[in-house]
Protein chains: 2
Amino acid sequence: MPDNAEQRGFEIPARPTMKDVAAAAGVGLKTVSRVVNGESGVSEATAARVRGAIEELGFRRNDGARLLRQGSRTSSVGLILEDLADPFYSQLSRAVEDVARSHGSLLLTGSSAEDPARERELALDFCARRVDGLIVVPTAADHGFLAPELAAGTAVVSVDRPVTGLTVDTVLTANRRGVAEGVGHLIRQGHRRIGYLGDNPAIFTAAERLAGYRQAMAHEGYEIAVSWVAMGKPEPVGIHLALDRMLSGPDPVTALMCGNNRTTVAVLRNLASRPERPALVGFDDFELADMLPVPVTVVAQDPALMGRMAAELLFRRLRGERAQVQRLEIPTRLVPRGSGELPL
Amino acid sequence: MPDNAEQRGFEIPARPTMKDVAAAAGVGLKTVSRVVNGESGVSEATAARVRGAIEELGFRRNDGARLLRQGSRTSSVGLILEDLADPFYSQLSRAVEDVARSHGSLLLTGSSAEDPARERELALDFCARRVDGLIVVPTAADHGFLAPELAAGTAVVSVDRPVTGLTVDTVLTANRRGVAEGVGHLIRQGHRRIGYLGDNPAIFTAAERLAGYRQAMAHEGYEIAVSWVAMGKPEPVGIHLALDRMLSGPDPVTALMCGNNRTTVAVLRNLASRPERPALVGFDDFELADMLPVPVTVVAQDPALMGRMAAELLFRRLRGERAQVQRLEIPTRLVPRGSGELPL
DNA sequence: GTGAAAGCGCTAACAC
DNA sequence: GTGTTAGCGCTTTCAC
């Protein structure tokens, strides 16, 4: 029985420590440490006795104490994103996890739900646990509060969006170019009246993609009617009203560009109950896009690659690389499937 | 400048400690501790000086050291599942995260990729970090290695599958009943020759669901031809061969039951290139199932509820509840959408 | 109100 | 080969 049983609360059973193992095996503390850490300089007989005691007591080294003493890295990284359940982010997470694992690091995850206060709390909690680094999909708020952590050696990388108030490595999608390519594709099919539906423009990616649409239209010298643009959360009511406006009136659109996959899906659902069949290109791919009655043409992002790159950048910094701060743009890929190639 | 700068490695900048703050503010260590932890008994003037020093140095309390000294819980839980990128698990994760958050706990996540060695390594790493509890989607391997951790007060809950070699709270889907309901639904449409495609039966859920199919068929006194059952990883080739067998010969099936959503999707893709249109019910819902050319009837699981229940059970144990070990079965829900109601 | 000293579980440094 | 000591950054205890 560990000798510190009474010091712990009633509910938390005492865990055996190296001291307990040493006592049980009749050896010194350092010998146990040597055996646990596979260091040389212990006779096989002694080592066997120690292993026996470890087994018997169910001892497991307390890495918290080890880390504290060593003052070294904690071999853990924190990942903060908008919503772990969103397919885009869950793919990104998985990629981050794989890279972290390959570097021997554990992964702490948290969803900010687009709430700056929650994001901040998560980030600071992670830092208090002394994660080696932080990979963040930042909300729009200022991130100056992380400056002391950065100065103290916590690596930070932002992904999907740039972070404001902090200069760190960043991995983005080529949002403007991607949307412009999608819109250009529609234009090449003969469309001139093209509507755009995107997310709340306070979100960096939403604003960038909208800008890509405007650029592509301006490039051809096409005017954009006010009723052709609708920005906001991808909710059924908003989408319905927006499509009402876009598809009726004197200048109805003949094609639609959607700014993200939630919007694309909401638009498809709404279109199902209408007679019109506008051409459609979605930004960001989604499962079964190719199986729908009219397979959906998309501008695909690569969330796994983004996660991998972000994690690689992080570990590069942790390895001590002092290279200039990087800003990577991952290219998109146009995937024609049918909805974007509908005749005018 | 912190006074322990030289003791740290070159790459890792020294972080200011309470000692540094105390020196900077010209107060004792304990006074800093009081201010940091919001304890009473510090004059406002002193507190202000301390806060100033904290701000200036960019001090952040090291929770690792705090936890070590307190010997209390670490306010962190570990989640081990098959693949974070799988929608089923990412929804489950998000629910676990929300519950953990509401209890003030951080979440460590890891994907086992169905590899027992990897799962074991993750679990033990988490335990070495002294997580308060572990939520596991266990592989088939024996989990006796967790017994010492359980004895030492680490709470363990298994979810989606039962764990072998350990008696812990478990949250499962009503696999047999769910599949039986789906098959019964097909039978009520007049089908008698119903095929079943499921995952590798070494996986608990795959075996249970197959049993549910057999039960439902036996209940009606219907024989099952050997060619009607195909179990294995949901890969295109295997699915193709299986459907070849099921849809031809003297006793072709008129309906299909699919054991999980990966299989359902693979089957739908394969059927797209065939003339036959068997009725189909899938186990586990998936996004856009309702938007496909023939909307897909499914037996829906509730991954978020499963995650929430598992986490609640975990925190209940951590609160010290000594109730008997529980085994919860979350009911499924039949969602008729068309594919399961096709005429014979 | 304030602070000095001890110690959480471990490892580093240096005995023997 | 093995053990002893000090100390990581913090909280606890107890003295002033």
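Each chain gets a letter, A, B and so on, in the order its sequence line appears, and its residues count up from 1.
Within the 4.0 Å cut-off from OP1 or OP2 of C/dG7, not a single side-chain nitrogen or oxygen of B/R69 is found. The phosphate of D/dC8 (OP1 or OP2) has no side-chain N or O of B/N62 nearer than 4.0 angstrom. Residue B/S43 places at least one side-chain N or O under 4.0 Å from the OP1 or OP2 atom of C/dT2. Here A/T46 reaches the OP1 or OP2 of D/dT2: one of its side-chain N or O atoms lies under 4.0 Å away. Put simply, B/Q70 has no side-chain N or O that comes within less than 4.0 Å of OP1 or OP2 on D/dC10.
Among all heavy-atom pairs drawn from B/S93 and B/L79, the shortest one is OG-CD2, 3.6 Å.
Shown for residues 24-35 of chain B: residues whose heavy atoms fall under 4.0 angstrom of DNA chain C, namely B/V27, B/G28, B/K30, B/T31, B/R34.
Looking at A/R161 and A/E114, a side-chain N of the basic residue comes within less than 4.0 Å of a carboxylate O on the acidic one, giving a salt bridge. Salt-bridge check for A/D63 with A/R130: failed, with every basic side-chain N at 4.0 Å or more from each acidic carboxylate O. Under the 4.0 Å criterion applied to side-chain N and carboxylate O atoms, A/R129 and A/D125 are not assigned as salt-bridge partners. Under the 4.0 Å criterion applied to side-chain N and carboxylate O atoms, A/R118 and A/E82 are not assigned as salt-bridge partners. Salt bridge A/R308/A/D98: absent, no basic N to carboxylate O contact under 4.0 Å. The residues A/E44 and A/R51 are annotated as salt-bridged, a charged nitrogen and a carboxylate oxygen being separated by less than 4.0 angstrom.
For the pair B/M18 CE and C/dT2 P, the interatomic distance rounds to 16 Å; values are reported in whole Å. Computed from coordinates, the A/E44 CD to D/dG1 C1' distance equals 13 Å when rounded to whole Å. The NZ atom of B/K19 sits 14 Å away from the C1' atom of C/dA5 (whole-angstrom rounding).
In this structure, the helix from C/dG1-D/dC16 to C/dC16-D/dG1 shows an angle of 40° between the axis at its start and the axis at its end, each fitted on 5 base pairs and rounded to 10°.
Applying the salt bridge (Lys or Arg N to Asp or Glu O under 4.0 Å) test to B/E119 and every residue at least two apart in sequence or in another chain returns nothing.
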